[in-house]
Amino acid sequence: MPTALVAPSLLAADFARLADEIARVEEAGADLLHLDVMDGHFVPNLSFGIPIIEAVRKVTRLKLDTHLMISEPARYLQAFKEAGADALTVHLEVCPDPLPILAQIRSLGLECGLTINPATPVEGLFPFLAHTDLILIMSVQPGFGGQRFMPASLDKVRALRERLDQENLKTPIQIDGGINPQNAPDCRQAGVGIIVAGSAVFGASDPAAAIRALAGR
Ligand code: DX5
Ligand code: ZN
């Protein structure tokens, strides 16, 4: 059974104690930290932005995997870079021709990711695979943590893995939304290499056990 990296989603943390929460998941074996930036326009929720990323950068060495659920990501690339983000993932729904922004992210020395909402066909990603460092498949409608996993997302993961293999690309597939120790094995079996989990980690009484279960290690 394949293993996966685990990226706890900070959205599920106690925002009154962010430094402690980050230390808790870091000690528990988190591989990356997933930061859900929401603008209240692309998604019907507002989460956090640059100041929080600056603060998080000061208290962890974990890779800051930044998921931009915002309508105009190109406006903020430099600011996210300066705040300390390591990777920026943009939605195809707001960047229908993503090649320029993916190149811009890389020119800033950051890793670039491309993601699609549940309603967007996975084939929409296919022309751009060779230009990304990560592909994120949303398994919930973006905007909120704690939602129910959408099993149809695994069909997208399998189709994507097949296409990446055909193109001899080792690009990791990340999944995000409603992932827990019960559905994580199916995700890993389908080809997911990085699991984002918010509630399943920050809500766990034993985050280390949760991370091990999600990772399959
Ligand atoms: C949803 C976010 C997800 C979410 C995951 O818009 O992109 O990262 O926070 O949270 P859980 O794991 O609780 O579904
Ligand atoms: Zn996310």
Side-chain angles (χ1 to χ4, degrees), residues 1-9 11 29-36 62-69 73 85-95 98-99 101-102 105-106 110-142 145 147-198 200-201 210-217:
M1 170 65 83
T3 60
L5 299 180
V6 174
S9 165
L11 192 67
D31 298 292
L32 315 78
L33 199 57
H34 186 79
L35 306 178
D36 285 312
L62 283 176
K63 181 187 224 179
L64 301 186
D65 164 45
T66 311
H67 178 190
L68 301 182
M69 288 165 275
D86 296 297
L88 298 177
T89 296
V90 295
H91 272 265
L92 184 64
E93 294 84 5
V94 294
C95 309
L99 296 185
I101 194 167
L102 294 171
I105 292 168
R106 280 181 163 171
L110 304 180
E111 289 183 15
C112 63
L114 194 56
T115 181
I116 50 171
N117 286 341
T120 304
V122 69
E123 293 76 13
L125 293 166
F126 288 2
F128 314 115
L129 299 178
H131 302 272
T132 65
D133 300 305
L134 168 95
I135 299 283
L136 168 56
I137 299 294
M138 290 305 295
S139 40
V140 295
Q141 194 61 23
Q147 299 178 75
R148 180 184 293 278
F149 174 71
M150 299 167 80
S153 55
L154 292 188
D155 296 331
K156 288 184 168 182
V157 170
R158 281 186 279 269
L160 179 59
R161 187 73 265 161
E162 190 178 329
R163 182 68 179 225
L164 287 166
D165 292 346
Q166 281 166 7
E167 296 189 20
N168 287 320
L169 295 171
K170 297 282 176 259
T171 314
I173 300 175
Q174 186 181 45
I175 198 162
D176 182 3
I179 310 300
N180 57 45
Q182 290 67 45
N183 59 35
D186 288 345
C187 295
R188 300 197 307 267
Q189 196 63 47
V192 167
I194 306 172
I195 286 177
V196 175
V201 175
I211 288 174
R212 281 195 305 274
L214 290 163
R217 51 183 184 237

Go through the steps to decide whether Ile179 and Val192 satisfy the test side chain to side chain contact (heavy atoms under 4.5 Å, CB included), and finish with yes or no. CA-CA 11 Å; Ile179 310 300; Val192 167; over 6 Å; no

Under 3.5 Å: donor-acceptor pair, side chain of Thr3, backbone of Gly216: no

Heavy-atom distance under 4.5 Å between the side chains of Pro73 and Ile101, does that happen here? yes

Electrostatic pair Glu167:Arg163 at N-O distance under 4.0 angstrom: yes

The complete set of salt bridge (charged side-chain N to carboxylate O under 4.0 Å, His left out) pairs with one or both residues in residues 127-142, sequence neighbours excluded, reads Arg106-Asp133

d(Asp186 CG, Ser153 OG) to nearest 0.5 Å is 10.0 Å

Minimum heavy-atom distance Asn183-Gly178, with the two atoms named: ND2-O, 2.9 Å

Calculate, to the nearest 0.5 Å, the distance between atoms CG and OG1 belonging to Leu35 and Thr66 respectively. 4.5 Å

Do Leu102 and Thr132 touch side chain to side chain, with heavy atoms closer than 4.5 Å? yes

Gap between atom CD of Gln141 and atom CE of Met150 - 0.5 Å precision: 6.5 Å

Rounded to the nearest 0.5 Å, what's the gap from CG on Leu134 to OG1 on Thr171? Could you check? 8.5 Å

Could you check whether any side-chain heavy atom of Ile175 comes within less than 4.5 Å of a side-chain heavy atom of Leu154, counting everything from C-beta outward? yes

Tell me the closest heavy-atom pair linking Met69 and Pro142, and the distance in Å. SD-CB, 3.6 Å

Would a distance-only check, ignoring hydrogens and angles, find a side-chain to backbone donor-acceptor pair under 3.5 Å from Asp36 to Ser9? no

First locate atom CG of Leu68, then atom CD1 of Ile105, and finally report the distance between them rounded to the nearest 0.5 Å. 7.0 Å

State, yes or no, whether a side-chain contact exists between His34 and Leu11 at a heavy-atom distance under 4.5 Å. no

Side-chain heavy-atom pair Arg161, Ile173 within 4.5 angstrom cut-off: yes

Arg188 side chain vs Leu214 backbone, donor-acceptor pair below 3.5 Å: yes

Step by step, work out the side chain to side chain contact (heavy atoms under 4.5 Å, CB included) result for Asp65 and Gln174. CA-CA 11 Å; Asp65 164 45; Gln174 186 181 45; 2.7 Å; yes

Going by the rule side-chain contact (heavy atoms from CB on, under 4.5 Å), which residues pair with Gln182 if we only count those two or more places apart in sequence or in a different chain? Asn180

Minimum heavy-atom distance between Ala210 and Ala200, given as atom pair plus value: CB-O, 3.4 Å

Find out whether Val157 and Cys187 are in side-chain contact, i.e. whether some heavy atom of one side chain is under 4.5 Å from a heavy atom of the other. no

Please table the atom pairs, donor to acceptor, closer than 3.5 Å between any side-chain atom in residues 112-129 and protein atoms at least two apart or in another chain.
from, atom 1, to, atom 2, distance (Å)
Thr115, OG1, Leu136, O, 2.8
Asn117, OD1, His91, ND1, 3.3
Thr120, OG1, Glu93, OE2, 2.5

To the nearest 0.5 Å, atom CD1 of Ile195 lies from atom CD1 of Ile211 at 11.0 Å

Within the side chain of Ser139, is there an N or O that forms a donor-acceptor pair under 3.5 Å with the backbone of Asp176? yes

Is there a donor-acceptor pair closer than 3.5 Å between any side-chain N or O of Asp31 and the backbone N or O of Val6? yes

